[in-house]
Amino acid sequence: KTTEAGVRGLLQNDARPVLFDESDVDSLHDKDRIQSIISFARSASYKDGGDVAKGTQSGGVNTFKVRTCLAFSSIGVHVNQQSDRSRFTILGLLSHEGKRTKEEFTVFQESFLKYFEEETVLRFQARACRWLPTILKNAKVFSDAAATLLQQRRIGDQLGTMLAGAFSLTS
């Protein structure tokens, strides 16, 4: 039930990523709340972050530089406007229901969970920080290639950044 104002207030001018789990829409109020957060995310899509100015009750102004990356997980997709569809990448999960045994799932789950042990997570974060300059250079290369291939800069930038992140995990 987090709101756009809540996210903005928590982030201030920080560039930390935000994950919304179970961002499903169950009511008209939820729909409005999620659309407000998507609008906030739109501000973050500008190269140097979007500036948001909000008035205060005392007549002052609070300004925020939106430099975050937002991810949403839900059963339904709530990105309706074309301007938003080109800013969000929608990923889906394949269903393996009925295709795997319970034992196979248990083995998968155990191997998956070992990657989320505290030491592994800390090592992963340290590696990402150490390789950040290379990841950023690769993001530019992948973005340029994707933009050329797709003939759309915005989508090229979006896919290029994700490809650079994926490449950093496998190279």
Side-chain angles (χ1 to χ4, degrees), residues 1-93 116 118 121-122 124-144 146-147 150-169:
K1 301 297 180 186
T2 301
T3 65
E4 178 266 338
V7 173
R8 184 175 16 91
L10 284 172
L11 287 175
Q12 296 295 313
N13 292 308
D14 201 342
R16 290 176 291 155
V18 176
L19 173 62
F20 277 89
D21 190 19
E22 301 288 338
S23 61
D24 296 299
V25 173
D26 297 324
S27 68
L28 188 56
H29 177 72
D30 287 344
K31 181 180 178 186
D32 290 343
R33 182 179 53 79
I34 293 295
Q35 286 305 311
S36 177
I37 294 166
I38 288 172
S39 177
F40 175 75
R42 193 180 309 128
S43 298
S45 70
Y46 296 105
K47 183 177 181 179
D48 295 323
D51 290 326
V52 174
K54 294 289 184 173
T56 66
Q57 288 182 344
S58 62
V61 175
N62 289 329
T63 60
F64 303 88
K65 185 168 280 292
V66 184
R67 302 173 301 146
T68 189
C69 170
L70 288 94
F72 300 83
S73 70
S74 68
I75 293 172
V77 177
H78 311 293
V79 179
N80 302 317
Q81 296 181 30
Q82 177 58 33
S83 61
D84 293 332
R85 283 195 294 269
S86 65
R87 287 180 169 95
F88 285 83
T89 299
I90 298 170
L91 305 173
L93 298 175
F116 289 95
E118 186 175 357
V121 170
L122 292 173
F124 174 79
Q125 291 171 335
R127 181 184 185 277
C129 290
R130 183 174 61 246
W131 287 102
L132 187 58
T134 301
I135 294 169
L136 292 173
K137 286 178 188 174
N138 288 343
K140 174 136 180 49
V141 171
F142 283 122
S143 294
D144 289 346
L150 300 172
Q151 298 182 351
Q152 292 185 1
R153 178 86 254 171
R154 182 183 288 171
I155 294 175
D157 288 344
Q158 195 170 330
L159 293 176
T161 302
M162 289 188 289
L163 288 169
F167 184 70
S168 76
L169 295 174

- Qualifying residues under side-chain contact (heavy atoms from CB on, under 4.5 Å), relative to Ala126, sequence neighbours excluded: none

- What residues, two or more places apart in sequence or in another chain, satisfy side chain to side chain donor-acceptor pair (under 3.5 Å) together with Ser58? Thr56

- Spacing of CG belonging to Leu70 relative to CD belonging to Glu4, to within rounding of 0.5 Å: 10.0 Å

- Message: Using the rule given for side chain to side chain contact (heavy atoms under 4.5 Å, CB included), can you reason through Asp30 versus Asp32, listing the C-alpha separation, both sets of side-chain angles and the distance that settles it, and then say yes or no?
- Response: CA-CA 5 Å; Asp30 287 344; Asp32 290 343; over 6 Å; no

Distance-only donor-acceptor pairs under 3.5 Å for side chains of residues 34-42, two or more places apart:
residue	atom	partner	partner atom	Å
Gln35	NE2	His78	O	2.9
Arg42	NE	Asp84	OD1	2.7
Arg42	NH2	Asp84	OD1	3.1
Arg42	NH2	Asp84	OD2	3.0

- Message: Minimum heavy-atom separation for Pro17 and Thr68, please, with both atom names.
- Response: CA-OG1, 3.7 Å

- Given side chains that start at C-beta, do those of Asn138 and Phe142 come closer than 4.5 Å, heavy atoms only? yes

- Message: Using the side chain to side chain donor-acceptor pair (under 3.5 Å) criterion, which residues pair with Lys54? Sequence neighbours excluded.
- Response: none

- Message: Atom CD of residue position Gln12 - does it have more than 12 heavy atoms of other residues, nucleotides or ligands inside 6.0 Å?
- Response: yes

- Task: Taking side-chain contact (heavy atoms from CB on, under 4.5 Å) as the test, write out the residues that go with Thr3, two or more places apart.
- Result: Ala5, Arg33

- Message: My understanding is that only residues two or more places apart in sequence, or in another chain, count here; which of them pass salt bridge (Lys or Arg N to Asp or Glu O under 4.0 Å) with Asp14?
- Response: Arg16

- Note on the structure: Closest heavy-atom pair, Ile135 versus Ala128, reported as atoms and distance to 0.1 Å, is CD1-O, 4.1 Å

- Message: Checking Arg130 now: which residues fulfil salt bridge (Lys or Arg N to Asp or Glu O under 4.0 Å) with it, not counting sequence neighbours?
- Response: none

- What residues, two or more places apart in sequence or in another chain, satisfy side-chain contact (heavy atoms from CB on, under 4.5 Å) together with Leu122? Glu118, Gln125

- In this structure, CZ of Arg67 is separated from CG of Asn13 (nearest 0.5 Å) by 6.5 Å

- Task: Return the set of residues passing ring pair (Phe, Tyr, Trp, His ring centres under 6.0 Å) with Phe124 (not counting sequence neighbours), or none when no residue passes.
- Result: none

- Message: For Lys31, is there an ion pair with Asp26 - N to carboxylate O distance below 4.0 angstrom?
- Response: no

- Task: Measure the spacing between CD of Gln158 and CE of Met162 and express it to the nearest 0.5 Å.
- Result: 5.0 Å

- Using the test side chain to side chain donor-acceptor pair (under 3.5 Å), find all partners of Ser74 that sit at least two apart in sequence or belong to another chain. none

- Excluding sequence neighbours, so at least two apart, what forms side-chain contact (heavy atoms from CB on, under 4.5 Å) with Leu136? Leu132

- pair Arg8-Val66: side-chain heavy atoms closer than 4.5 Å: no

- Task: Indicate the ring-plane relationship of Phe20 and Phe72, choosing parallel, tilted or perpendicular according to the 30° and 60° boundaries.
- Result: parallel

- Message: Could you measure the distance from the CD1 atom of Ile155 to the OG atom of Ser143? Nearest 0.5 Å is fine.
- Response: 12.0 Å

- Task: Count the heavy atoms belonging to other residues, nucleotides or ligands that lie under 6.0 Å from CG of Leu19, then report whether that count exceeds 12.
- Result: yes

- Query: Residues in side chain to side chain donor-acceptor pair (under 3.5 Å) with Asp157, at least two apart?
  - Reply: Arg153

